[in-house]
There are 2 protein chains.
Amino acid sequence: MNETPRPMRRNEIRAMNETLILQAAEKVFAEAGFGGATMQLIADLAGLPKANLHYYFATKEELYRRVVQNIFEIWLHAADSMDGAETPAEGIGAYIDAKMDISRRHPEGSKVWASEVMHGAPVIQDYLETTLRDWTAGRAALIQRWIDEGRMAPVDPQHLLYMLWATTQHYADFSHQIETLNGGKPLSETQWNAAKTNVKQIILRGIGVL
Amino acid sequence: MNETPRPMRRNEIRAMNETLILQAAEKVFAEAGFGGATMQLIADLAGLPKANLHYYFATKEELYRRVVQNIFEIWLHAADSMDGAETPAEGIGAYIDAKMDISRRHPEGSKVWASEVMHGAPVIQDYLETTLRDWTAGRAALIQRWIDEGRMAPVDPQHLLYMLWATTQHYADFSHQIETLNGGKPLSETQWNAAKTNVKQIILRGIGVL
DNA sequence: TCTCTTCCTGACCGTATGGTCAGATTGCAG
DNA sequence: CTGCAATCTGACCATACGGTCAGGAAGAGA
């Protein structure tokens, strides 16, 4: 019956509890939406009293904002996979891989993001208008360059990007529907690979690089 | 300053108010999610007192259920466009057209559906397991037949369907993001056509029928 | 050890929300 | 015209939720 013996440092306590809360919050926000989520539910899942949540995050909005920002960071990092590619097939293929992996390992985050955007992006509108817009413009330019050099079929870069986002994120956002249509079982390792292969195959052939 | 003179029939009253409420509800549920939506907001948008809503729909859940069911019906009808096609290109092309049109004219419905599925389909789980599963199996079989006959590239039918859903619904579910990246303006007629063309082009070429 | 700051939490509060209900109004059948 | 059932609604209620706070526990620095 021995307790954890080592006393915790201030830093550790703060870091640990913030992480605990953010993880619980991400899950609850994903499952219930902002309006449906309650601080009590998040607290229970994090194993902390509700009042403690308000010690670390003043309001529900602030907690939500932090969750959404975290997700955004992750996605931006994944985007790097598209850069420094020798060929369009490599670049876009790697991007699809990266986004499919995120959908698999981070489905809650994707759902929170989708929910946020669907509800009019009340808290991350400025991100959309600055960071995301810049990122999108940059990649669209890259794709346009590839097209101009005749290395892929002439498609609208913007709409190609939408297609990449839509297709990959669908596996996270609609995971429940996919699971149901899969006999109630989550996709297996093999099925995930099949999904990834199919997406890449159709899109890469679709833009004329296969 | 003349009022509408004609007194309304019972049937008309009921039909009209139910429609009014359902339309308002669809919009509010789409914008705020189930948890964030309030009966008061729906009532205000419908121009009726809140108590009147509860006269036609006993509970918030019941109203929500009706909204979701309506959407499901619309989608099922759209699916007919895939049948009776001479070629894969025709069938899938028509299905893309139909779903893109729904995304454009019925974006709220798509959002409500997405939200419902993301939250674990609490009210339409049985539809997923029966109607949708059957529909999906049927179309997957059709696609497989096309593949077996060598009329299109050998792709996984199930994942192709997911791709069609994802790509087309993205234009409804993420309309806010798309609008923001479009300089804050909704897609124009021309841009919608470009979107449709691009989606069809990439996917149809992707499955080897272009 | 003593003091200060951070961390923690049970109890509490104001408000908003889903839902109820009694009673008024109005179309409708006979 | 009359009685009945459908429609309507302001006022009300119980509950759940986000947020507060006073006061206790526990590391940190001297």
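Everything numeric in this text was worked out from a predicted model, so none of it was measured. Letters A, B, ... are given to chains in the order of the sequence lines, protein chains preceding strands, and every chain is numbered from 1.
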- Query: Below 4.0 angstrom from OP1 or OP2 of C/dC7, is there any side-chain N or O of A/Arg14?
  - Reply: yes
- Check whether any side-chain nitrogen or oxygen of B/Asn11 sits under 4.0 Å from OP1 or OP2 of C/dC28, and answer yes or no. no
- Task: Ignoring hydrogens and angles, answer whether the base of C/dG19 and the side-chain atoms of B/Lys60 contain a donor-acceptor pair closer than 3.5 Å.
- Result: no
Would you indicate what [X] reaches in the nucleic acid, counting non-hydrogen atoms under 4.0 angstrom: base, sugar-phosphate, or nothing?
{"X": "B/Ala43", "result": "nothing"}
{"X": "B/Glu61", "result": "sugar-phosphate"}
{"X": "A/Ile13", "result": "sugar-phosphate"}
{"X": "B/Phe57", "result": "nothing"}

- How do A/Ala51 and B/Ala51 order along DNA chain D: which one's closest nucleotide is nearer the 5' end? B/Ala51
[X] has an atom [atom1]; how far is it from atom [atom2] of [N], in whole Å?
{"X": "A/Tyr56", "N": "D/dG18", "atom1": "OH", "atom2": "C1'", "value": "20 Å"}
{"X": "B/His54", "N": "D/dC12", "atom1": "NE2", "atom2": "P", "value": "18 Å"}
{"X": "A/Tyr55", "N": "D/dA25", "atom1": "OH", "atom2": "C1'", "value": "13 Å"}
{"X": "A/Ile21", "N": "C/dC7", "atom1": "CD1", "atom2": "C1'", "value": "12 Å"}
{"X": "B/Leu48", "N": "D/dC8", "atom1": "CG", "atom2": "P", "value": "8 Å"}
{"X": "A/Gln40", "N": "D/dG19", "atom1": "CD", "atom2": "C1'", "value": "12 Å"}
{"X": "A/Lys50", "N": "D/dG18", "atom1": "NZ", "atom2": "P", "value": "7 Å"}
{"X": "B/Met16", "N": "D/dC8", "atom1": "CE", "atom2": "P", "value": "10 Å"}

- Message: Students often mix this up, so state it plainly: with edges at 30° and 60°, are the rings of B/Trp75 and B/Trp113 parallel, tilted or perpendicular?
- Response: tilted
- Which word best sums up how the rings of B/Tyr127 and B/Phe72 line up, parallel for under 30°, tilted for 30 to 60°, or perpendicular for over 60°? perpendicular
- Item | Minimum side-chain heavy-atom gap A/Leu63-A/Tyr56 below 4.5 Å | no
- Query: Among the nucleotides C/dC8, D/dC8, C/dC28, which one has an atom lying closest to any side-chain atom of B/Arg9?
  - Reply: C/dC28
- Among D/dG18, C/dC7, D/dT9, find the nucleotide with the atom closest to the side chain of A/Arg10. C/dC7
- Message: Using a strict threshold of under 4.0 Å (side-chain N to carboxylate O), is an ion pair present between A/Lys50 and A/Asp44?
- Response: no
- Message: Are more than 12 heavy atoms, taken from residues, nucleotides or ligands other than A/Lys60, located less than 6.0 Å from that residue's NZ atom?
- Response: yes
